[in-house]
Amino acid sequence: TSSPAPLATSRRLPLRPPPYEPEVEKAIRNSAFKGLSPLNLRLALAQEPRLSVAFQSMAHVVLFQGALPERDREIAIIRTGALTRSEYEWGMHVSIYAEKCGLSEAQVMELTVGQPSEALWSQKERAIVRMVDELHHHSTVSDATWAVLDAHWPRDQVVELILASSFYHMAAFFLNSTAVPLEEGARRFPEGKI
């Protein structure tokens, strides 16, 4: 029998090797992703089994069970990853979703290091970026931004937008603080931009 591949090394929180509790094993192995998958994140989270399972349940709802258009959600998450300087989060979402959601390289770069231009983004999409920026810098959205969100999305999707950005803030705090190793094959931040 061949031995399992060695785990990636973190300079802070080691990735947890087996054996795992049954619910943690299921959370680690049960990925909705085909191809590139956040395995290192799941193995870092496995250090705290109860929160690992809860975290992954919330991520699954945000990514796969919402009514929010995937492109809108990913604009919010990619911008959040850039603002929080979470290379892991940013790289995974750009790698897995950018092309699938019709985000051009120029749009990815504006989400990462600039402001959305009228030439590349709709008014609705610029409102998503404004929402993320306000949440990041002020922990709330302005009345003007709320009015735009409320005018363009049903209430349940406004809730999803806010929670997607909020959840991925939490994910970035964990990823950055614990130094979860980047996944092989995921995009890296543009050189000298972040």
Side-chain angles (χ1 to χ4, degrees), residues 4-18 20 24 27-48 51-53 55-66 68-114 116 120 125 128-129 132 136 163-194:
L7 298 178
T9 302
S10 168
R11 61 186 170 78
R12 289 192 174 172
L13 180 70
L15 303 186
R16 184 177 164 198
Y20 307 111
V24 174
I28 289 170
R29 305 291 170 220
N30 184 16
S31 176
F33 295 99
K34 307 297 181 228
L36 185 60
S37 179
L39 179 60
N40 290 343
L41 171 58
R42 293 195 303 268
L43 293 175
L45 287 165
Q47 293 286 6
E48 208 308 320
L51 291 175
S52 169
V53 172
F55 179 99
Q56 291 179 84
S57 294
M58 178 71 171
H60 189 83
V61 172
V62 169
L63 292 175
F64 305 112
Q65 296 178 343
L68 188 66
E70 188 172 60
R71 179 180 168 98
D72 294 353
R73 181 196 74 225
E74 288 305 313
I75 290 168
I77 294 171
I78 291 168
R79 181 64 167 197
T80 300
L83 289 176
T84 57
R85 295 186 173 112
S86 179
E87 189 170 26
Y88 186 106
E89 181 172 293
W90 178 91
M92 290 295 285
H93 282 267
V94 169
S95 298
I96 294 170
Y97 292 105
E99 185 178 329
K100 184 179 173 191
C101 293
L103 293 171
S104 69
E105 185 61 19
Q107 288 175 314
V108 168
M109 286 303 101
E110 283 192 358
L111 285 176
T112 305
V113 296
L120 294 180
E125 291 170 337
I128 296 169
V129 174
V132 172
H136 180 75
L163 287 178
S165 181
S166 302
F167 178 80
Y168 278 91
H169 258 93
M170 179 184 69
F173 295 163
F174 180 81
L175 288 159
N176 293 349
S177 297
T178 61
V180 173
L182 303 177
E183 300 290 348
E184 185 134 352
R187 283 272 302 264
R188 302 302 190 250
F189 275 146
E191 192 75 31
K193 301 285 188 183
I194 298 286

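Keep in mind it's a predicted model, so treat the numbers as computed, not measured.
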S.K.: Heavy atoms, side chains only, cut-off 4.5 Å: are Asn176 and Tyr88 in contact?
M.R.: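 The answer is no, as the side chains (C-beta and beyond) never meet within the 4.5 Å cut-off.
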S.K.: Under a 4.5 Å cut-off applied to non-hydrogen side-chain atoms, are Val132 and Leu83 in contact?
M.R.: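 Yes. Closest side-chain heavy atoms under 4.5 Å.
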S.K.: What's the shortest heavy-atom distance between Met92 and Pro38, and which atoms?
M.R.: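 Scanning both residues, the minimum pair turns out to be CE-N, 3.5 Å.
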S.K.: Starting at NZ of Lys100, measure out to NE2 of His93 and round the result to the nearest 0.5 Å.
M.R.: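 Between Lys100 NZ and His93 NE2, I get 11.5 Å after rounding to 0.5 Å.
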S.K.: Is any side-chain heavy atom of Leu41 closer than 4.5 Å to a side-chain heavy atom of Phe174?
M.R.: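 Yes, side chains in contact.
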S.K.: For Arg188, look at atom CZ and say whether over 12 heavy atoms of other residues, nucleotides or ligands are found less than 6.0 Å away.
M.R.: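 Atom CZ in Arg188 is packed in, count exceeds 12.
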S.K.: Passes side-chain contact (heavy atoms from CB on, under 4.5 Å), Glu110 versus Leu120? Steps please.
M.R.: CA-CA 9 Å; Glu110 283 192 358; Leu120 294 180; 3.4 Å; yes
S.K.: Can you confirm whether more than 12 heavy atoms, excluding those of Glu99, are under 6.0 Å from its CD atom?
M.R.: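 At most 12 heavy atoms, drawn from other residues, nucleotides or ligands, come within 6.0 Å of this atom.
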S.K.: Could you tell me whether the side chain of Ser10 and the main chain of Ala179 form a donor-acceptor pair under 3.5 Å?
M.R.: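 Yes, because the side chain of Ser10 sits within donor-acceptor range (under 3.5 Å) of the backbone of Ala179.
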S.K.: Hey, is CD on Glu184 packed in by over 12 heavy atoms from elsewhere, all under 6.0 Å?
M.R.: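 Count not over threshold, so no.
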S.K.: What is the distance from atom CH2 of Trp90 to atom CG of Leu175, rounded to the nearest 0.5 Å?
M.R.: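 So the CH2 of Trp90 and the CG of Leu175 are separated by 14.5 Å.
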S.K.: Quick one: pull up CG in Leu111 and CD in Glu74 and give me the separation to the nearest 0.5 Å.
M.R.: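 So the gap between those two atoms works out to 10.5 Å.
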S.K.: Would you kindly check if the NZ (Lys) or CZ (Arg) of Arg71 is within the cone defined by 45 degrees around the ring axis of Tyr97 and under 6.0 Å from the six-membered ring centre?
M.R.: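 Negative - Arg71 is either too far from the ring of Tyr97 or too far off its axis.
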S.K.: Keeping the roles fixed (side chain from His169, backbone from Ser165), state whether a donor-acceptor pair exists under 3.5 Å.
M.R.: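 Yes; judged by distance alone, with no hydrogens or angles, the pair exists.
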S.K.: Should Glu48 and Phe55 count as side-chain neighbours, where that means a heavy-atom distance under 4.5 Å?
M.R.: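 No - every pair of side-chain heavy atoms lies 4.5 Å or more apart.
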S.K.: Where do Ala8 and Asn40 come nearest, in terms of heavy atoms and distance?
M.R.: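 Smallest heavy-atom distance, with atoms named: CB-ND2, 3.8 Å.
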S.K.: Are any of the side-chain heavy atoms of Ser37 and Arg42 separated by less than 4.5 Å?
M.R.: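 Contact flag for Ser37/Arg42 side chains = yes.
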S.K.: Would Leu39 and Leu15 count as a side-chain contact (heavy atoms from CB on, under 4.5 Å) if you check the C-alpha gap in whole Å, the side-chain angles of each, and the deciding distance to 0.1 Å?
M.R.: CA-CA 10 Å; Leu39 179 60; Leu15 303 186; over 6 Å; no
S.K.: Would a 4.5 Å heavy-atom cut-off, applied to side chains only, mark Thr84 and Tyr168 as touching?
M.R.: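 Answer no - side chains too far apart.
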S.K.: Can you check whether Thr80 reaches His136 side chain to side chain, under 4.5 Å on heavy atoms?
M.R.: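 Side-chain contact under 4.5 Å: no.
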S.K.: Given Tyr20 and Arg29, is the side-chain contact (heavy atoms from CB on, under 4.5 Å) satisfied, shown in steps?
M.R.: CA-CA 11 Å; Tyr20 307 111; Arg29 305 291 170 220; 3.9 Å; yes
S.K.: Working to the nearest 0.5 Å, report the span between CG of Leu51 and CG of Leu45.
M.R.: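 Leu51 CG to Leu45 CG: 8.5 Å, rounded to 0.5 Å.
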S.K.: Looking at every non-hydrogen atom in both residues, tell me the closest pair between Pro14 and Gln47 and how far apart they are.
M.R.: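 Reported closest heavy-atom pair: O-NE2, 2.8 Å.
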S.K.: Would Val113 and Phe189 count as a side-chain contact (heavy atoms from CB on, under 4.5 Å) if you check the C-alpha gap in whole Å, the side-chain angles of each, and the deciding distance to 0.1 Å?
M.R.: CA-CA 10 Å; Val113 296; Phe189 275 146; over 6 Å; no
S.K.: Does any non-hydrogen side-chain atom of Leu63 lie less than 4.5 Å from one of Ile77?
M.R.: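 Side-chain contact under 4.5 Å: yes.
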S.K.: Calculate, to the nearest 0.5 Å, the distance between atoms OG1 and CE belonging to Thr112 and Met109 respectively.
M.R.: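 With rounding to 0.5 Å, OG1 (Thr112) is 4.5 Å from CE (Met109).
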S.K.: What's the separation between atom CD1 in Ile78 and atom OG in Ser86, rounded to the nearest 0.5 Å?
M.R.: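 Nearest 0.5 Å value for the CD1-OG distance: 12.5 Å.
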S.K.: What I want to find out is whether Arg187 reaches Glu105 closely enough, with some N-O distance under 4.0 Å, to be called a salt bridge.
M.R.: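 Yes, this pair counts.
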